[in-house]
Amino acid sequence: GGATPLAESVDVRGVSYRYPGAAADALSGVDLHIPAGQIVALVGENGSGKTTLAKVVSGLYAPTSGTVSWDGAVVSTDDRALLRASTAVIFQDFVRYHLTLRDNVALGDAERLMGPDPRLDDDVRNALALAGATFVDGLPKGLDTILSREYSGGIDLSGGQWQRVALARALFRASPLVVLDEPSAALDPRAEHELFADVRRLVTGRAALFVSHRYGNLHLADQIYVMQAGRVVERGSHEELLAAGGVYSSLYRLQADAYAAGLSAQPSEA
Ligand code: ADP
């Protein structure tokens, strides 16, 4: 409940952010435009500010300076709860509850778990389907399955399956903005491609901000922002950025060469 629909866009203007006690800004003068119906991707090396920016957009951090606006209306620091209520956030450190599959999804909107809700199971199933969690069809206990081997009849999920449950939890809230910090360690490139394609499907009527740690699937994003040391250094579509021959194109080619040489199917850092 409490989500504000998104008609036009979420806009970040001149945002800087400094962590308490830090000597330097983690973000400096960042502009970001996330239109309804589009996927915007953030890419850049570790420590360039992608996650920090995603947390500012989600209302988890208040910018040190600059603004975040929702359909043109600036969200004041005191109103960040509105941003949080309207944003479904899936960060890499998403929570794996030792609860039933139903609860793991419905906790995305905990108020609905409180009272009797005849539509709960249908909505949970819809969210799981939308998140591409096809593995749930084969569970003997269905939504009552406990997602932990520590319980009798419970099961363990793979990293990729947990990612789908976390996505379903976010979708259950029907939030107009989905912020996804890509789980680079948990998914192989093919699973990541499928996840990206699913986000593409569900972004109709919503917007998505995708924090990416790899370059291989970014052609699926509408706009890519390349970050370096807390600043946006390039923006454009995959084709535009390749043609520009800048930071994005050299990093993309480096990573493509690494894949081709079979050096790594996955980044080595977790
Ligand atoms: P990315 O997501 O691109 O890897 P981050 O947004 O996590 O980058 O980090 C941006 C900068 O902010 C880095 O210099 C990082 O060390 C710093 N930073 C991140 N989290 C914290 C924190 N909780 N406290 C202090 N500094 C942080």
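Order of listing sets the numbers, starting from 1, for every ligand and every atom in it.
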- Message: With a 4.5 Å cut-off on side-chain heavy atoms, are L147 and W162 touching?
- Response: yes
- Message: How about CZ on R231, more than 12 heavy atoms from neighbouring residues, nucleotides or ligands closer than 6.0 Å, or not?
- Response: no
- Message: Tell me if a side-chain donor or acceptor on R84 pairs with a main-chain N or O of L60 at a distance below 3.5 Å.
- Response: no
- Examine the side chains of T51 and D181 and answer whether a donor and an acceptor come within less than 3.5 Å of each other. yes
- Task: Identify, for atom 17 (C) of ligand 1, the protein heavy atom at the shortest distance, and state residue, atom and that distance.
- Result: Y19 CE1, 3.9 Å
- Does G44 reach ligand 1, in the sense of a heavy atom lying below 4.0 Å from it? no
- Message: Under 4.0 Å from atom 24 (N) of ligand 1, is there at least one protein heavy atom?
- Response: yes
- For atom 15 (C) of ligand 1, state whether the nearest protein heavy atom is under 4.0 Å away. no
- Query: What protein heavy atom sits nearest atom 3 (O) of ligand 1, and how far off is it?
  - Reply: K50 NZ, 2.8 Å
- Item | Top protein contact for atom 1 (P) of ligand 1, by heavy-atom distance | G47 N, 3.5 Å
- Could you verify whether a donor N or O on one side chain and an acceptor N or O on the other, from S76 and D78, lie under 3.5 Å apart? no
- Item | Contacting atoms of ligand 1, where contact means under 4.0 angstrom from a heavy atom of N46 | 4 (O)
- Message: Applying side chain to side chain donor-acceptor pair (under 3.5 Å) to Y19 and T52, what does each step give before you reach the verdict?
- Response: CA-CA 9 Å; Y19 284 97; T52 305; 2.7 Å; yes
- Message: Quick check on A22 - does any of its heavy atoms sit under 4.0 Å from an atom of ligand 1?
- Response: no
- Message: Please check: side-chain N/O of D11 versus main-chain N/O of H33, any donor-acceptor pairing under 3.5 Å?
- Response: no
- Task: Tell me which protein heavy atom sits closest to atom 8 (O) of ligand 1, plus the residue, atom name and distance to 0.1 Å.
- Result: G49 N, 3.1 Å
- Ignoring hydrogens, just give me the one of D25, V211, T52 whose non-hydrogen atom is nearest atom 5 (P) of ligand 1. T52
- Note on the structure: closest protein heavy atom to atom 7 (O) of ligand 1 is T51 CB, 3.9 Å
- Item | Element-labelled atoms of ligand 1 that are located less than 4.0 Å from some non-hydrogen atom of A26 | 11 (C), 12 (O)
- Close side-chain approach of Y225 to D31, heavy-atom, < 4.5 Å: no
- Taking it one step at a time, do R112 and D117 satisfy salt bridge (Lys or Arg N to Asp or Glu O under 4.0 Å)? CA-CA 7 Å; R112 291 192 61 185; D117 186 340; 2.7 Å; yes
- Query: Side chain, backbone, both or neither: which part of E45 comes within less than 4.0 Å of ligand 1 when only heavy atoms are counted?
  - Reply: backbone
